[in-house]
Amino acid sequence: MEKSPGEFTPKKQTEGSKSLLQSEDLFKYILETSVYPREPEPLKELREATANHPMKMMCTTPDEGQLMALLLNLANAKKTIEIGVFTGYSLLWTALSIPDDGKIIAIDTNRESYEIGLPSIRKAGVEHKIDFIESPALEVLDKLLEDANNEGAFDFAFVDADKVNYWNYHERLMKLIRVGGLLCYDNTLWGGSVAVSDESLVPVSMRPSRRATMELNKSLATDQRVQLSQVAVGDGLTICRRLY
Ligand code: SAM
Ligand code: CA
């Protein structure tokens, strides 16, 4: 399809992954210097198993996975929630970063893609830490909140699913994650489209999530209950720490 003059182009994909970096060479440099040499073998295998998937661009970038692992360890995370699993790349980083008796509630509406990554998860010896639930995530969070014991019972959440529901997830996760725990929201720069002032220049398919993401970013910035950092890794990651 022909583009109209000035139409916004979402940032390119590199090595099957999204990156907002302006230089493809710089992204490659980061991966080859700091990430790939330290990426555990089962993660490499899972990434490669995802490489031929038609939706491979949904996979978390390896440098972001490495950052998540660092955050999980800094937060001493043991119990986590993941919304949006796909083939399990971010899930496996999480499973490898929490202790052997740690637990992840991993939610996705599609079990089929999770099964692509499952052999690598099994090989890594961490399947016992994962409770995969095939369901829309809101239902699962509401169910968890029916039990008062779950309030403040989790240390970390990674949200990487339907952008239009992020604020609904935030309201629920703020009850489930303990004070001092982390809530991480992915794709908060939405291919760079959040900074385009004229929406008519943005592809129609990107608009609903762009609007939701812009609203989310504004709401998080004024949410006094969290400390926050918007990081330009992958497609944008907003890291929040619950203050009270
Ligand atoms: N974190 C994953 C990774 O590292 O590969 C990528 C997740 S992918 C971007 C988004 C996922 O969210 C898809 O697998 C999709 O099935 C799932 N999803 C979409 N809407 C959902 C919902 N309402 N509840 C739970 N999962 C949902
Ligand atoms: Ca993502």
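Both ligands and their constituent atoms are indexed starting at 1 by order of listing. A quick note: this is a predicted structure, and the numbers were derived from the prediction, not measured.
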Quick one: sort the H170 and W167 rings into parallel, tilted or perpendicular, breaks at 30° and 60°.
tilted

Assign the ring pair Y166 / Y185 to parallel, tilted or perpendicular, where the plane angle (0 to 90°) is split at 30° and 60°.
tilted

Does ligand 1 have an atom under 4.0 Å from some heavy atom of G65?
no

I'd like to know whether ligand 1 has S113 as a neighbour, heavy-atom separation below 4.0 Å.
no

Within the supplied structure, the quantity of interest is the number of heavy atoms (other residues, nucleotides, ligands) at a distance under 6.0 Å from E112 CD; does it exceed 12?
no

Does CG in N52 sit with more than 12 non-hydrogen atoms of other residues, nucleotides or ligands closer than 6.0 Å?
no

With sequence neighbours excluded, give me every ring-ring contact (aromatic ring centres under 6.0 Å, His included) pair touching residues 211-244.
none

Can you sort out which atoms of ligand 1 are near [X], meaning under 4.0 Å from one of its heavy atoms?
X: V85; answer: 2 (C), 3 (C), 5 (O)
X: F86; answer: 2 (C), 5 (O), 6 (C), 7 (C), 8 (S), 14 (O)
X: C59; answer: 5 (O)
X: P136; answer: 24 (N)

among protein heavy atoms, the one nearest atom 21 (C) of ligand 1 is D162 OD1, 3.7 Å

Which protein N, O or S atoms sit under 3.0 Å from the Ca ion (ligand 2)?
D160 OD1, D160 OD2, D186 OD2, N187 OD1

